[in-house]
Amino acid sequence: MQVLQVQLEVGADPAEVGRARRWARSRLAGSGIGDDEPLAETLILLISELVTNAVVHTGCPAVLRMLFGGPGVRVEVADASDRAPARRQACGEDTGGRGLELVDGLADRWGWQREGAGKRIWCEIDRGRKAESDAATSAAAASGAATSVAPAETASCRQSEVHTSVREPRVYL
């Protein structure tokens with residue numbers, strides 16, 4: 001299987017997040033994922049959250065990578081901070097604290113691992129299943145049917161410092 005990897009260096013300025021989104025959109029289009037596809041919008045949102053987290057919470061430059069190949073798309077953001085990503089609890093009108101919750105809810109898999117003196121956080125979306133899920137969500141919303149999302153299970157392995165979360169398949173009633 002051939003994997004295409006593209007990457008962008010992102011400065012420590014929060015204004016770089018917009019540049020990262022524009023760059024990612026052009027790379028998605030180049031890989032055959034159209035701007036109007038739900039998969040593209042989901043990937044752009046995930047990229048925006050991961051890059052924002054890296055830039056805002058670490059104050060360090062980062063590297064955004066997208067890997068195309070196999071059944072899905074993998075997004076990685078590496079930074080020079082050794083601080084582990086931490087979920088925060090957003091309250092009411094808070095403008096932050098929802099990033100990792102969004103990643104957990106939108107990605108099929110995500111996790112992080114130490115990399116040199118820093119870390120890499122990643123997420124993956126399966127092309128076919130995600131498109132089917134988005135279509136089912138739209139159809140359920142249009143018909144007024146309730147949807148149920150199975151809870152995510154988190155597994156961590158301290159020995160190798162790799163932490164992952166895999167979402168159970170969505171169940172639509």
Same cluster for Val56 and Val51 if Ile/Leu/Val/Met/Phe/Trp/Tyr side chains link at under 4.5 Å? no

Heavy-atom distance under 4.5 Å between the side chains of Pro61 and Asp79, does that happen here? no

Is it the case that the side chain of Arg83 and the backbone of His57 share a donor-acceptor pair, with hydrogens and angles ignored and the cut-off at 3.5 Å? yes

Testing the basics here: between Ala107 and Cys123, what is the closest heavy-atom pair and its distance to 0.1 Å? CB-CB, 3.7 Å

If you measure from CG on Leu64 to CD on Glu9, what distance do you get to the nearest 0.5 Å? 11.0 Å

In Å, rounded to the nearest 0.5 Å, how long is the span from CD of Gln5 to CD of Glu76? 6.5 Å

Could you walk me through whether Leu4 and Leu67 pass side chain to side chain contact (heavy atoms under 4.5 Å, CB included), step by step? CA-CA 6 Å; Leu4 170 66; Leu67 294 90; over 6 Å; no

Any heavy-atom pair between the side chains of Phe68 and Val6 that's under 4.5 Å? yes

Compare every heavy atom of Ala40 with every heavy atom of Asp35, then report the nearest pair and how far apart it is. O-CB, 4.1 Å

Which atom of Leu46 lies closest to which atom of Leu102, heavy atoms considered: CD2-O, 4.4 Å

Any chance you could measure Ile33, atom CD1, to Leu39, atom CG, to the nearest 0.5 Å? 4.5 Å

Non-hydrogen atoms of Glu37 and Gly32 that approach each other most closely: OE2-O, 3.6 Å

Check for a donor-acceptor pair, side chain of Arg19 on one end and backbone N or O of Ala15 on the other, with a separation under 3.5 Å. no

Minimum heavy-atom distance between Gly11 and Val55, given as atom pair plus value: O-CG2, 3.6 Å

Is the backbone of Pro38 close enough, under 3.5 Å, to the side chain of Glu41 for a donor and an acceptor to pair up by distance? no

Does any part of the side chain of Met66, heavy atoms only, come nearer than 4.5 Å to the side chain of Ile47, both counted from C-beta? yes

State, with a plain yes or no, whether a side-chain heavy atom of Leu28 is found less than 4.5 Å away from one of Ile44. yes

What I'd like to find out is whether the side chain of Ile121 reaches to under 4.5 Å of the side chain of Asn53, using heavy atoms alone. no

Is a salt bridge present between Lys119 and Asp82, judged by a nitrogen-to-oxygen distance below 4.0 Å? no

When every non-hydrogen atom of Asp126 is compared with those of Arg109, the smallest separation belongs to OD1-NH2, 2.6 Å

Contact check, side chains of Arg65 and Arg74, non-hydrogen atoms, under 4.5 Å: no

Applying a strict under-4.5 Å side-chain criterion to I, L, V, M, F, W and Y, I'd like to know whether Val63 and Trp122 cluster together. no

